[in-house]
Amino acid sequence: MPTQAYTELCHLKRDAAMLSSVGALLGWDQETYMPEGGTAARAEQKAVIAGLLHDRHTSPRVGELLAACESDKGVQADPEAAANVREMRRDYDRETKLPKDLVTELANVGARAQDAWKDARKRSDFKAFAPWLEKMMALTRRKAECYGAPKGGELYDALLDEYEPDARAAEIEAVFNPLRDRLSTLVADLLDNGKTPDLAPRRIHAPQAAQHAFGLKVVEQMGFDLSKGRLDITTHPFCEGLAPGDTRLTTRYDEHYFMAALYGTMHEAGHGLYEQGLPKQGGDGEPTAIFGTPLSEARSLGIHESQSRGWENFVGRGRAFWAWAKPVADGFFGAEFKKFDAEAVYRASNVVERSFIRVEADEATYNLHVMLRFGLERAMIAGDLAIKDLPGAWNERFERMMGVKVPDDARGCLQDVHWSFGLIGYFPTYTLGNLYAAQFFEAIRAETRDLDDRIARGDMGAVLKWTREHIHRHGRRFTSAELCEKATGKPLSPEPLMRHLEGKLRPVYGV
Ligand code: ZN
């Protein structure tokens with residue numbers, strides 16, 4: 001039975017999570033409705049909250065309560081409480097390893113480096129950004145040294161651990177390398193020997209209001225509860241699991257490319273369904289007693305991304321989805337769209353391109369973009385790649401992998417925001433998410449044999465039910481590896497993703 005120490009610990013965590021959700025609201029508002037003039041004050045507001053949170057998470061009282069729970073037989077005999085304490089210990093040990101001055105310096109330099117990046121990217125001027133990247137890389141390496149490389153691992157693993165606990169770069173590399181070759185071969189075969197689908201269905205003119213209404217219809221059909229969430233417009237789409245009962249989705253619209261918004265919205269709604277399914281909230285959205293503790297939180301970024309990519313690619317880019325969605329979209333987009341059949345729209349949603357920009361990449365090339373970044377950031381942290389040599393290394397590797405020359409740094413090493421504010425060790429979780437998604441969907445299909453018939457009728461409940469049961473409700477109770485084994489009966493493997501891509505794209509391209 002949980003003891004007084006455990007109850008007090010959960011209470012402290014819940015209290016800190018409430019404070020954190022205030023900070024999240026400030027962040028969401030900044031990305032959606034805040035006027036530009038509010039930037040400086042908002043940065044200070046967020047810094048004040050971050051400081052308060054650091055104090056709460058690292059308070060000696062938390063340390064005392066953790067020690068009490070660890071030696072308490074009652075807590076240890078309760079599997080949920082024991083898992084919760086294990087994860088809280090993990091968080092506490094990591095947070096207390098970082099000195100407060102490093103935390104604030106990272107936030108401060110990161111905010112300014114991000115500003116410098118925006119400007120440098122606009123002008124495609126790597127030289128202007130290089131000194132900032134140099135600073136951020138040095139600070140991030142210092143952070144990794146504070147954490148310390150895990151036993152038998154490398155310094156980069158200490159950073160990776162923040163986003164995908166217990167993952168190791170060497171193990172990821174062992175999965176990524178053969179996958180890269182197979183993906184490159186598939187892409188070359190499709191593009192050199194296959195027939196590209198007609199792009200016309202995705203180029204129709206679709207007014208923003210019609211796209212927004214269609215997007216809301218789709219997320220409702222997915223099972224996203226709009227009485228406990230919203231969909232708003234932003235420049236860089238994201239999902240914020242802001243608070244219990246309050247999950248915010250964002251998207252952006254291009255009137256001549258509705259699929260960008262549609263798949264962006266489905267992606268964020270996939271993240272949103274995970275947030276709505278976590279046991280941080282009750283049926284009415286009220287915060288639960290475990291809100292703020294690891295049992296109520298998302299497992300990892302890789303698992304989070306499996307939920308978004310699953311809905312986006314395994315449902316949204318499927319033939320069955322368009323059987324349902326095509327007549328619905330006709331009602332919103334009118335005559336210009338009506339003239340295409342569902343099959344043509346399905347094919348247009350599966351076009352593969354050798355493009356330069358990761359966020360616009362298709363399902364087959366996407367992981368190649370991720371692997372490039374993983375290799376480069378790992379080399380930078382290890383000290384094997386100097387900042388000044390980054391553009392050259394990027395361009396050379398990109399051309400070798402994709403067969404096309406990078407025209408400028410804006411479409412090369414300056415395109416992503418992540419490195420500017422110290423998100424290093426983050427990129428590989430995108431591909432891990434794709435691998436998990438493929439494996440989860442094989443399990444969903446094995447359990448629901450008529451999944452496609454159901455989706456074609458607009459019934460997507462089987463997907464939501466499976467993910468709620470096997471992923472969402474567990475929070476951080478199990479590790480990612482355990483979660484995968486429990487849910488699918490097998491350890492994570494690249495085979496389901498390759499089966500999915502080969503099985504879908506070869507027929508579309510006729511090769
Ligand atoms: Zn995502």
Side-chain angles (χ1 to χ4, degrees), residues 24 27-28 31-32 160 162-165 167 172 215 218-219 222-224 229-242 247-253 259-278 297-317 349 355 357-374 377 415-421 423-441 463-464 467 471-472 475-476 480 483-484 492 497 500:
W28 173 84
E31 300 295 320
T32 50
L160 184 58
E162 194 163 333
Y163 312 110
E164 194 61 33
I172 289 180
V218 171
V219 303
M222 289 164 64
F224 184 80
R230 290 180 53 89
L231 174 63
D232 291 272
I233 300 171
T234 185
T235 9
H236 304 285
F238 63 95
C239 163
E240 178 64 66
L242 196 120
T247 300
R248 309 288 175 101
L249 311 178
T250 61
T251 194
R252 64 177 164 205
Y253 296 105
M259 281 186 187
L262 170 65
Y263 290 122
T265 302
M266 288 188 81
H267 179 101
E268 300 310 337
H271 283 305
L273 285 169
Y274 190 12
E275 291 293 327
Q276 290 191 334
L278 288 167
E297 293 173 341
R299 174 59 273 178
S300 70
L301 287 189
I303 296 295
H304 226 309
E305 197 67 7
S306 76
Q307 303 303 294
S308 56
R309 302 289 288 183
W311 281 100
E312 177 192 356
N313 292 330
F314 292 77
V315 176
R317 288 192 162 88
S349 72
S355 60
I357 307 293
R358 174 187 60 87
V359 295
E360 293 165 6
D362 56 83
E363 260 187 283
T365 57
Y366 188 89
N367 299 297
L368 297 172
H369 290 273
V370 171
M371 290 168 191
L372 171 74
R373 288 151 179 78
F374 168 63
E377 64 180 19
Q415 66 180 272
D416 290 307
V417 65
H418 304 56
W419 290 337
S420 75
F421 58 98
L423 292 188
I424 293 155
Y426 190 111
F427 280 119
T429 68
Y430 290 130
T431 289
L432 289 174
N434 286 324
L435 297 174
Y436 281 124
Q439 194 153 327
F440 294 162
F441 268 80
V463 177
L464 187 59
T467 50
I471 312 293
H472 303 175
R476 288 167 60 189
S480 301
L483 203 57
C484 180
L492 183 65
L497 181 66
H500 162 75

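Computed over heavy atoms, backbone and side chain alike; hydrogens, waters and symmetry mates excluded. As the structure lists them, so they are numbered: ligands from 1, and atoms in each ligand from 1.
At a threshold of 2.8 Å, the Zn ion (ligand 1) has a backbone or side-chain N, O or S atom of His271 nearer than that distance. At least one N, O or S atom of Glu305, from either the backbone or the side chain, sits less than 2.8 Å from the Zn ion (ligand 1).
A donor-acceptor contact closer than 3.5 angstrom links the side chains of Glu275 and His304. No donor-acceptor contact under 3.5 angstrom links the side chains of Glu377 and His418, judged on distance only.
Side-chain atoms of Tyr426 and Leu301, non-hydrogen and from C-beta on, do get closer than 4.5 Å to each other.
Figure legend: Arg309 and Tyr366 shown as a cation-pi pair, the cationic atom lying under 6.0 angstrom from the six-membered ring centre and within 45 degrees of its axis.
For His267, the N, O or S atom closest to the Zn ion (ligand 1) goes by the atom name NE2.
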